[in-house]
Structure formats: structure tokens, C-alpha cells
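All values below come from the heavy atoms of this structure, side chains included, with hydrogens, waters and symmetry mates left out. Everything quoted here is computed from the prediction, not taken from an experiment. In each ligand, atom 1 is the first atom listed, and ligand 1 is the first ligand listed.
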Amino acid sequence: MSNQRTFFDDEPRLTPTDLAPWERDDLRNRKIARIAFPSGFDSLLDYLVPTDIAAMLEPGMRVTVPLGRGNRPTLGYCAEVYSWGMADSPAKLKSILSLVDAQRLLDDNMVRLTHWIARQYLCSVGQVFEAMLPAGVRSQAGTRLTTVFFASDDLDKRLAVLDKKSREDDGIEPTTGRKRKALLTPKQVRVLEILRQSEEPLTSNELLRAGKCSAGIIGTLKRLGLIRARTVRRHQPQVATPIKPDLELDPHQLNPDQRRALDTIAAAVRESRHETFLLHGVTGSGKTEVYIQAIHEVVRRGKQAIVLVPEISLTPQTVGRFQSRFSDVAVLHSHLTDAERHHQWSNIAQGSVQVVVGARSAVFAPLPRLGLIVIDEEHENSFKQDSVPRYHARDVARKRAEDLGVPLILGSATPSMESWHAAATEKSDTLISMPRRVGTLRLPKVDIVDLREEIRSQSTRGAIHRQLHSAIRDALKEDGQIILLLNRRGFSTHIQCPACGEAMKCPNCDVTLTHHRSEDIVLCHYCDYQDAAPRNCVKCGFDGIRYSGFGTQKLETEIKARFPEASVLRMDTDTMQGRGAHERALAKFRAGNVQILLGTQMIAKGLDFPNVTLVGVINADTALHLPDFRAFERTFHLITQVAGRTGRGEKGGRVIVQTFSPDHPAIQAAAEHDYRGFVAQELAERQLVGYPPFTKMIRIVIRGENEANTLRFATDMAAKLKEKKADPSLRFRALGPAPAPFAKLRGFFRFHLHLHAVNGDWLRDRVREVTLALKTPREIQWIVDVDPVDML
Ligand code: ADP
Ligand code: ZN
């Protein structure tokens with residue numbers, strides 16, 4: 001058995017009370033490192049730090065340590081270093097084998113943050129380290145070991161010695177004036193001078209180029225002891241792929257709403273204090289301009305900022321707005337190669353960047369002088385990571401900003417219930433409203449089309465109903481552009497046999513297959529199972545199988561048939577495959593080469609095209625009836641966001657929403673641009689039933705290939721969670737196990753548990769306690785999702 005004690009990161013250090021005095025003396029100077037492991041272990045282990053690396057080892061560095069009975073050398077992260085510590089004799093601890101990093105990768109604040117995230121999301125500190133450091137940084141991608149040269153620090157002394165020796169060799173007395181051979185050739189002198197002047201050591205290539213000489217000189221100077229060499233790790237030259245800002249932007253003269261917002265935020269920046277600002281500004285109210293000018297305040301004080309945007313909004317247009325206003329902007333997007341990412345990361349860590357713009361994981365950007373964090377579209381689900389660690393970038397940003405004492409701006413036209421509630425109840429939160437669009441622009445008028453009426457009157461068989469058809473025709477006539485949203489990809493979304501009623505489902509998943517007509521296949525959108533599209537029912541053999549339901553492919557076909565002269569572009573995950581496809585499509589649309597842009601939710605966000613005069617929502621109900629407590633909120637967000645894409649120019653704009661639920665409060669409120677009305681009602685509802693933001697929530701998903709065994713395990717887990725009594729004031733509820741809405745995915749049966757309590761720490765403790773004691777059979781897997789956003 002190993003003598004390592006295991007700890008959770010919040011366990012206190014023990015102090016040695018039972019050591020003999022001489023033992024204490026011996027150990028007083030020994031250091032102990034607490035090591036976190038990226039996999040396998042939830043807990044941290046203590047190791048003795050060998051004296052030869054004690055001076056170098058710091059938290060945030062990687063080490064190899066012997067692990068387990070076999071003392072297998074294993075990579076770990078140093079989470080903490082402390083001097084002597086435990087009641088058990090540290091002399092019995094195993095020692096660290098070696099140090100992996102020469103420099104620390106994360107500063108103290110970031111190391112502290114790993115502990116917080118691990119506690120918050122019930123994962124291991126090692127997993128958080130691994131998530132904070134991009135793979136390219138861990139593998140030091142794009143770097144290689146190079147020899148560099150520098151002038152000896154005792155160069156003058158050495159020259160003097162050489163000079164003396166050469167005179168002696170020549171047999172010349174220093175006093176005689178006779179001419180003699182120079183000590184060094186002019187080229188050698190030049191090279192020495194270059195090195196002496198250079199702030200950094202130079203590679204032989206750099207040196208030879210600068211000194212216009214051959215490699216022999218370096219060897220000679222080295223032999224003479226005048227220059228020295230050392231090995232360092234250097235980034236290889238990058239093939240630069242700068243995103244060119246495609247528009248120049250001057251600072252706007254702020255309108256009164258923007259001015260007020262900026263003044264409020266700037267006060268916190270000036271006083272270097274933490275405050276969370278919820279910037280609730282309608283679409284087109286000029287939020288980005290407020291971010292930019294707030295960042296100017298930060299940069300002017302020698303500090304730096306992070307701007308988080310949803311991955312889908314990380315377009316050249318967005319990035320260009322920052323690049324045209326700041327000289328050093330680093331962009332962290334998902335298409336970077338490991339080498340590029342490592343290079344960016346090093347630049348950021350060295351402090352040479354003013355602003356980092358990136359998606360979720362940019363919240364970990366290692367800026368040394370962070371002065372502000374901005375999260376645009378803070379309500380977006382993509383800020384929550386759906387693999388371990390399942391962190392929410394908004395909450396991590398809040399913690400990081402709090403710890404550093406810097407402001408956080410959360411911007412949205414449709415703030416999340418969580419942020420809205422926090423702004424109303426938390427002392428450190430402030431709501432700032434920008435209820436108007438900039439200039440004289442108005443929010444667009446929204447018309448609701450009742451699809452039930454349309455179907456009853458049988459006026460159309462397609463997806464576009466009369467009102468939307470004539471609106472498209474009018475918009476085209478006036479040279480306006482059109483955006484059509486349909487949140488389902490594929491051609492037909494439903495395949496069913498009219499004779500026996502059999503609906504075609506994926507064999508691995510409990511979901512219906514979608515017909516993709518271009519390849520004539522049926523496809524599962526969850527596991528990518530595919531098969532040739534059947535002509536006959538697989539069950540009864542009937543040959544009149546029905547393909548129905550609308551996906552974006554079918555919509556495209558219908559649009560082209562209805563408006564043959566219009567140029568149409570479809571944007572969904574099927575058409576936007578390659579690198580840069582998304583940007584190219586938007587560039588075409590901006591240039592006016594496309595009149596009708598149709599697609600899934602990827603067209604709903606953040607686009608600012610003044611010539612869009614019509615937005616059509618083909619079916620507002622796609623998200624409305626999902627078994628998810630945020631279904632109404634999502635629907636409201638989606639309609640509001642897509643509606644916000646129009647009315648951004650002089651021509652104005654209108655929105656048509658087709659729905660089977662025209663009276664639904666979420667759809668009504670979105671049509672009236674009534675965010676406050678919607679939140680009031682939604683929050684009241686959530687409070688009544690005890691859902692977030694009024695309770696903390698944890699979702700546990702259990703899956704296995706054998707349905708009965710999986711259910712049995714889930715039931716057992718649920719029973720243990722429910723076992724202990726909880727104070728009624730905690731409003732503790734443990735619901736389930738129930739089959740997850742996707743009851744089967746990729747061949748696994750899925751069950752879930754929903755846990756709620758007012759006190760998040762209490763809830764986490766209970767889950768941790770129960771799951772730690774659990775013996776999980778090999779065939780079963782489970783995940784714990786704290787503050788889940790995915791309920792399916
Ligand atoms: P939001 O992010 O709130 O949707 P944007 O920041 O994208 O709004 O602003 C919408 C448009 O208005 C942009 O084209 C922007 O350049 C412009 N804009 C922003 N502030 C001003 C201002 N004070 N005066 C004139 N135009 C502005
Ligand atoms: Zn499937």
C-alpha cells in the first residue's frame with residue numbers, strides 16, 4: 001500500500017504534532033508538493049520535493065511522480081507547495097521524479113481558480129488544469145529546442161587575458177610601439193558587438209545573418225570563451241493567418257444611454273474594483289461600442305481585457321471591430337492549430353496583448369494584467385462546456401473577476417434568468433439598461449401567423465404560408481435581403497409508414513431519422529448512423545412510405561421553386577463544413593450576392609446587416625415543447641435574437657413568426673419585444689416550482705447498454721441521495737430516476753436524476769458524499785452536471 005495520504009482540495013493541511021524535535025528540524029526545510037492528476041484520481045497526493053528542484057518547482061508546473069504500487073511514472077500538476085505538513089512522517093512520502101516544465105504555466109490566481117472550479121463542478125483539480133491549458137500548450141506544439149548564443153558576462157576580463165597572452169606569445173613587450181597582429185578579426189569583433197548589444201540571446205542563424213559571416217566564427221569565439229551557448233525552447237516561425245479587419249471603425253459619439261452605461265462601468269475600472277454589470281441592451285443598441293470604450297479605459301491604465309463571444313459569433317466582422325480599434329488583439333478560435341494556439345498563448349502570457357477575443361475557453365487566457373472581462377450574448381448555452389470539467393464560462397469569469405477585483409460585463413438583449421435574478425438580488429451586481437436602438441432605428445414590427453388557421457384553410461402545402469410569401473416577394477421587389485430561420489437540418493424530418501404507422505428510428509438512438517435528399521440517405525443527427533433511404537416500410541413492406549416534416553434542405557427547395565430569380569444560400573452544419581465556410585457565406589451575404597439566407601440557429605445571432613428588411617421564423621415551436629424547464633426561455637431568446645437581425649438600416653424591417661401556438665406567452669412577449677414582461681412571468685413560475693435561479697440544480701445522467709441493470713443502478717443511487725433528511729428550508733428534492741428525454745443514444749440506455757436545493761454547497765456535498773461511496777459496475781457510466789443547461 002502506498003503511504004500517500006489522499007486529500008480533497010479543500011481539506012486543511014495537517015500540522016505535525018507528534019514528531020520528535022529532531023525530526024521536525026530535519027523536515028523543517030523540506031518541501032512537500034500536492035499533486036493533481038489529469039485522470040484516474042479525484043484526489044490530490046502529497047510528494048516530497050527533491051532538494052535539487054525545490055528552488056524551481058512552483059504551483060502550476062507539471063511533474064512526473066511515481067504512482068500506485070508499481071510506482072508507475074505518471075504526469076501530474078503541482079497544485080500547491082508547502083513546507084512540512086503532515087502528522088504522518090513526511091519522510092515516508094515518495095519523491096517527485098522530475099520536473100516537466102521549466103516555467104510555470106499558470107499564475108497563483110489561475111491555480112486558485114482550478115480549485116474553485118473543481119469544487120464547484122465536482123471534478124478533479126487535475127481535470128481542470130488539463131482544461132485550462134490547451135493541448136498545444138501542454139505539448140509545446142510549434143516549438144523546438146534551439147541553441148542560442150550570448151556574450152560571456154566576464155567578456156572584458158577574458159579579452160584582457162587573451163590580449164596579455166597574445167603579447168606574451170608574440171614576445172612583445174606592451175611598451176614597445178611596434179605594430180602587431182590584431183587580437184580578433186574585424187568580423188569577430190562585429191559578432192561580439194552584436195551579441196553584446198542584443199537584449200536576447202541569438203540563434204546561430206540570427207547571428208550569422210546579422211554579422212554577415214560564416215559559422216566558423218561562432219565556433220572560434222566559443223572556443224576562446226568569449227561567447228557561450230545554451231539550449232532554449234523557441235516558437236517556430238508561424239505561417240501568419242491574420243484575420244483582416246474588413247471594416248474600419250472610428251469611435252462613435254456615444255448616445256445618452258451608451259454614455260450612462262460607459263460612465264457606470266468606467267467608475268469601477270478606475271477604482272479597480274469588482275462589480276458585475278448586466279448590460280441589458282436591445283439588439284442594435286450599441287453594446288459592442290460600450291465594450292470597446294470600456295476596454296479603452298482599461299488599456300489606458302496599462303491593463304488588459306478578455307472578450308468572450310459565442311463560437312458562432314467569432315466572425316471576421318466581430319473580430320474586426322476589435323482589431324480596428326486596438327493594436328494588439330489575440331483571437332482564440334477553434335480553428336487554430338496546436339502550434340498557433342501555443343504561440344498565441346505564449347504571447348498572451350508574456351503580457352504583450354491588450355485584448356483577447358475568444359469563445360468559452362478564452363476565459364482561461366493567461367493575461368498577467370487582467371483588468372476587465374466582457375461576455376457578450378451571456379445567455380448563450382455554448383458558454384457551458386458539455387464535457388468534464390462542465391464549467392460555465394460566465395460563472396468562472398465572475399469568480400476570476402471577483403478574485404482579481406476587476407469588473408465583469410455581461411451583455412445581452414435577452415439576459416439569462418440567472419443573470420437577471422442576480423442583478424436584482426446581489427449586492428455586487430448592477431443592471432444597466434439600453435432600451436433603444438442607436439440613432440433613429442426602431443425595433444422591427446413582428447407579425448404572428450397562426451399555422452393552425454393556415455393548415456385548416458389548406459392554403460399551402462409547403463413551409464411558407466401566404467403572409468410570409470407575400471412579404472418575401474415585397475422585400476425582394478425593394479431590393480431588401482431576407483433571413484429565414486428553421487431550426488432543423490435535413491430534408492424530411494419525419495419518415496413514417498401510413499399503412500402500419502411505423503416511424504423510422506435510429507437503431508442506436510431513441511430518435512427519428514432525418515432524410516437527407518442530396519445523398520438520398522436517412523441520417524441520425526446524434527450518432528451519425530446512416531442508411532439508404534428506404535422505399536418500402538421496414539416493418540410491413542408497404543411501398544408508399546411517407547416522408548414529411550420540414551428541414552432546411554426542403555425549405556431551400558421550396559424557396560427556389562417559389563422565387564426562382566432570387567439567389568438563395570443555406571447555412572446549416574451540412575453546408576458549413578470546411579474551415580472558413582461560415583465566414584465566406586456571411587461575406588457573400590454582406591456583399592449582397594445573396595438575397596435570401598436561410599438556415600438553422602447559426603444565422604440567428606449577432607449578424608449586423610443593414611439591408612436585411614425581412615426575417616421569417618418558419619416554425620417558432622421547435623424548441624417550445626422540449627422537456628426542458630428552459631424551453632420557453634430558449635424560444636423567447638431565439639425569436640428575439642433572430643428578429644433583431646432586421647431593421648438595422650434606413651429601409652427598416654419586419655418580422656413574421658409562423659407558429660402553432662400564437663397565444664403562447666413566450667411567443668407573444670417576443671413579438672412585443674417585451675423582455676421584462678417575459679422575465680417577470682417566467683421568474684414567478686420558476687420560483688413557484690423551485691427551479692433555477694431559485695434553486696441550485698445538479699443533473700446526474702446514468703447510462704449503460706443493459707436497460708434493466710442501468711435502471712437498477714440509477715435507482716440505487718437515487719435512494720442513497722434521498723436517504724438523509726434535509727432541512728425543509730433547503731427545499732431539497734431528488735427526482736428520478738426517469739428515462740432521459742433521449743432515452744437511448746448511441747446504443748446506451750439513459751436515465752437521469754434531477755436534484756435541487758437552495759444551497760448549492762450543501763447539494764454538492766451530498767452528491768460528492770454519495771458518489772464517492774458508490775461502487776460502479778464496469779458496464780455503467782454516469783456523469784454529474786452541476787448547473788446543467790442540457791436537459792435532454
Ligand atoms: P448590439 O451589440 O447592441 O446589437 P452594436 O454594437 O452591434 O449593437 O451596434 C449596432 C450598430 O450601431 C453598429 O453598426 C454600430 O457600429 C452602430 N453604433 C453603435 N453605437 C453607435 C453610435 N453611438 N452612433 C452611431 N452608430 C453606432
Ligand atoms: Zn443514432
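The aromatic rings of Phe491 and His515 lie perpendicular to each other, with more than 60° between the two planes, well past the 30° mark. Relative orientation of the Phe636 and Phe678 rings is parallel, given thresholds of 30° and 60° on the angle between their planes.
For the residues Met434, Arg437, Lys287, the heavy atom positioned nearest atom 3 (O) of ligand 1 is part of Lys287. Checking Arg321, Gln258, Arg259, Glu289 against atom 15 (C) of ligand 1, the nearest heavy atom belongs to Arg321.
A donor-acceptor contact closer than 3.5 angstrom links the side chains of Gln293 and Glu289. No side-chain N or O of Thr646 forms a donor-acceptor pair with one of Arg654 less than 3.5 Å apart. Under the 3.5 Å distance criterion, with hydrogens and angles disregarded, a donor-acceptor pair is assigned to the side chains of Lys651 and Asn611. Gln481 and Thr613 share no donor-acceptor pair across their side chains, judged by distance under 3.5 Å alone. A donor atom on one side chain and an acceptor atom on the other are found under 3.5 Å apart for Glu311 and Ser334.
When heavy-atom distances to ligand 1 are checked against a 4.0 Å cut-off, Asn255 comes that close only through its backbone atoms N, CA, C and O. With a heavy-atom cut-off of 4.0 Å, Val438 touches ligand 1 through its side chain alone. When heavy-atom distances to ligand 1 are checked against a 4.0 Å cut-off, Asp376 has no atom that comes that close, whether in backbone or side chain.
Of all protein N, O or S atoms, those under 2.8 Å from the Zn ion (ligand 2) number 4.
Listed by atom number, the atoms of ligand 1 under 4.0 Å from Thr288 heavy atoms are 2 (O), 6 (O). Distances below 4.0 Å separate heavy atoms of Gln253 from the following atoms of ligand 1: 22 (C), 23 (N), 24 (N). Which parts of ligand 1 touch Arg648 is read off a 4.0 Å heavy-atom cut-off, strictly below it: atoms 4 (O). Close contacts of ligand 1 with Leu254, meaning ligand atoms under 4.0 Å from a residue heavy atom, involve 23 (N).
Ligand 1 lies within reach of Val282, whose nearest heavy atom is under 4.0 Å from it. Taking a 4.0 Å cut-off on heavy atoms, Ser285 registers as neighbouring ligand 1.
The shortest N or O to N or O distance between Gly284 and ligand 1 is below 3.5 Å. In terms of polar-atom proximity, defined here as any N/O pair under 3.5 Å, Gly286 does make such a contact with ligand 1.
Distance CZ/Arg436 to OG/Ser285: 10.0 Å, rounded to 0.5 Å.
Annotation: cation-pi geometry satisfied between Arg703 and Phe748 (NZ/CZ under 6.0 angstrom from ring centroid, within 45° of ring axis).
Checked against the 6.0 Å centroid threshold, His494 and Tyr547 do not count as a close aromatic pair.
With salt bridges taken as basic N to acidic carboxylate O contacts below 4.0 Å, none links Arg699 and Asp785.
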Can you list the steps and then say if Arg488 with Thr552 is a side-chain hydrogen bond (donor to acceptor under 3.5 Å, both in side chains)? CA-CA 6 Å; Arg488 286 206 183 114; Thr552 44; over 6 Å; no
